[in-house]
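Small disclaimer: the values here were computed from a predicted structure and weren't measured. Here is how names work: the chains are called A, B, and so on, in the same order as the sequence lines, proteins then strands, and each is numbered from 1.
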2 protein chains.
Amino acid sequence: MQLNQATDYAFRVVLYLARLPIGEVASGLIIAESQNIPRRFLQKIMRLLAAAGLVKSYRGAVGGFALARRAEAITLYDVIVAMEGPLGIHRCLTDRSVCNRHCGEECPVHQALAATQDRLAADLAEVTFAALAAKTNNFNRG
Amino acid sequence: MQLNQATDYAFRVVLYLARLPIGEVASGLIIAESQNIPRRFLQKIMRLLAAAGLVKSYRGAVGGFALARRAEAITLYDVIVAMEGPLGIHRCLTDRSVCNRHCGEECPVHQALAATQDRLAADLAEVTFAALAAKTNNFNRG
DNA sequence: CCAATGTATACTGAACCGGTATAATATTAA
DNA sequence: TTAATATTATACCGGTTCAGTATACATTGG
């Protein structure tokens, strides 16, 4: 019931990219050093974020990464799904047969957890990186 | 970001015990067979539930397990914490130094996830096993 | 060309997961 | 007292995931 380290890193990466001037790219090395992320490990993270369409990559000598869309359109939920796959707090909710094995079609545990998961997802989807970046700016200036 | 199999089983166990007549105990064997849980594995689960004070155990020839308090006073949240320890969807929230390593004292990612986690916990703590047991009765009778 | 970048794949040690095994301890009934 | 039925404690095991590393390759700008 915990987000993994790679997702943790991914939050920082996206937040970092969200604060870059539009049109600017950051190389993997710059991102890794500024965020204290092992450089090799960062490559894995960037590949997942790129595959999910959250960041764009630019190869070559002055390549790097930038957000693939506006920071207003990227949420905590997006990053979590990109890194860890579809949200599924319980086996019931990803594999229906798990639930049925124990308590039949209309399992009350399933129902309660499904409702909880939906609220969690909605909650996470309300937090955009534009909002997070704005907060970062505030306390950095203060 | 997923509850593990043992927690899954634990939900079923507590729900099962919640439906027993008050004063009745169920042996590990009975619980295991009725809920399709490997018998040996169930022992681990019961130990955690007992250690958390959710169930009471009775040793000896006619021993077994029963809820340690009323089903109205046991929630999904209680069982999750008993099985997996304190809720911590993000490292930030259990180990503050993780957060600070990346973005200083007032990390916006930390704040957003903390708020989300609080809502998740509150959500889970609203679902009692008395309520779940009542639903179980309904669809079993229908 | 060549240096700087991202891409792809595979590896590794440690931890965790799901489950099993065995021996010990406690209680009850005969 | 003894046998049967329970829970308790501890250790083990194979497989998967986690966090990170290594290596070889492809692309681009100068």
Side-chain angles (χ1 to χ4, degrees), chain A residues 1-13 17 24-33 35-52 54-68 80 83-85 88-91 94-95 98 101-102, chain B residues 1-13 17 24-33 35-52 54-68 80 83-85 88-91 94-95 98 101-102:
Chain A
M1 200 57 187
Q2 190 169 283
L3 298 168
N4 61 30
Q5 183 69 37
T7 305
D8 179 358
Y9 288 150
F11 288 146
R12 320 295 173 170
V13 170
L17 294 178
E24 192 165 316
V25 305
S27 72
L29 182 60
I30 291 292
I31 297 173
E33 288 183 346
Q35 303 302 306
N36 284 317
I37 303 172
R39 190 141 59 110
R40 303 284 191 175
F41 195 42
L42 180 69
Q43 294 182 346
K44 272 189 179 175
I45 294 164
M46 299 318 292
R47 194 146 53 94
L48 287 172
L49 291 176
L54 299 182
V55 307
K56 272 190 295 192
S57 64
Y58 301 90
R59 302 175 69 149
V62 292
F65 301 90
L67 293 188
I80 291 172
M83 297 302 295
E84 312 201 356
I89 63 174
H90 192 257
R91 287 168 168 70
T94 36
D95 178 3
V98 170
R101 179 162 20 113
H102 295 284
Chain B
M1 201 57 188
Q2 190 170 282
L3 298 169
N4 61 30
Q5 183 68 36
T7 304
D8 180 357
Y9 287 149
F11 289 145
R12 319 294 173 172
V13 170
L17 294 177
E24 192 165 316
V25 307
S27 71
L29 182 60
I30 291 292
I31 297 173
E33 288 184 346
Q35 302 302 306
N36 283 319
I37 303 172
R39 190 143 58 111
R40 303 283 191 176
F41 194 43
L42 179 70
Q43 294 181 346
K44 272 188 180 174
I45 294 165
M46 300 318 292
R47 193 146 53 93
L48 287 172
L49 291 177
L54 298 183
V55 307
K56 274 190 294 193
S57 64
Y58 303 90
R59 301 175 68 150
V62 293
F65 301 91
L67 292 188
I80 291 172
M83 298 302 295
E84 312 201 356
I89 64 174
H90 193 257
R91 286 168 167 71
T94 37
D95 178 3
V98 170
R101 181 164 17 114
H102 295 284

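- For the pair A:M46 CE and C:dA8 P, the computed distance is 14 Å after rounding to whole Å.
- Comparing D:dT21, C:dG6, C:dT20 by their closest approach to the side chain of B:F41 singles out C:dT20.
- Ring geometry for B:F11 versus A:H90: interplanar angle of 30 to 60°, hence tilted.
- Closest to the side chain of A:R91, out of C:dG19, C:dG6, C:dG18, is C:dG18.
- With hydrogens and angles ignored, a donor-acceptor pair under 3.5 angstrom links the side chain of B:R40 to the base of C:dT22.
- Nearest-nucleotide positions on DNA chain C for A:Y58 and A:K44 put A:Y58 closer to the 5' end.
- In this structure, CD1 on A:I80 lies 10.0 Å from CG on A:N4, to the nearest 0.5 angstrom.
- Nucleotides of DNA chain D nearest to A:V62 and A:Q43 differ in position, and the one nearer the 5' end is that of A:Q43.
- Taking side-chain N and O atoms only, B:Y9 has a distance below 4.0 Å to OP1 or OP2 of C:dG19.
- For A:L49 and C:dG6, the CG to P distance is 14 Å, given to the nearest whole Å.
- Across B:Y9 and B:P38, no two heavy atoms sit closer than the pair OH-CD, 3.8 Å.
- Using a 4.0 Å heavy-atom cutoff across all strands shown, A:G60 reaches at least one base atom of the nucleic acid.
- Residue B:A26 comes nearest to B:L17 through the heavy atom pair CB-CD2, 4.1 Å, listed as atom of the first residue, atom of the second, then distance.
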| message | Set out, in order, the CA-CA distance, both residues' side-chain angles and the distance that settles side chain to side chain contact (heavy atoms under 4.5 Å, CB included) for A:I31 and A:R39, then state yes or no. | response | CA-CA 8 Å; A:I31 297 173; A:R39 190 141 59 110; over 6 Å; no
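- In this structure, B:L42 places its CG atom 13 Å from C1' of D:dA6, rounding to the nearest Å.
- Which of D:dT7, C:dG6, D:dA11 sits closest to the side chain of B:S57 comes down to D:dT7.
- Between the CD atom of B:Q5 and the P atom of C:dC16 there is a distance of 18 Å, rounded to whole Å.
- Atom-to-atom, CZ of B:R59 to P of D:dT8 comes out at 6 Å; the value is rounded to the nearest Å.
- For B:P38, taking side-chain heavy atoms from C-beta onward, the closest of the listed nucleotides D:dG20, C:dG19, D:dA4 is C:dG19.
- Look at CG on B:L3: it is 15 Å from C1' on C:dC16, rounded to the nearest Å.
- Rounded to an integer number of Å, the gap from B:I37 CD1 to C:dT20 P is 12 Å.
- Residue B:L29 contributes atom CG, which lies 13 Å from atom C1' of D:dT7 at whole-angstrom precision.
- The A:A61 side chain lies nearest to D:dT28 when the options are D:dT7, C:dT20, D:dT28.
- Between D:dT7, C:dC17, C:dT9, one nucleotide has an atom nearer to the side chain of A:R47 than all others, and that is C:dT9.
- Neither OP1 nor OP2 of D:dT5 sits under 4.0 Å from any side-chain N or O of B:S27.
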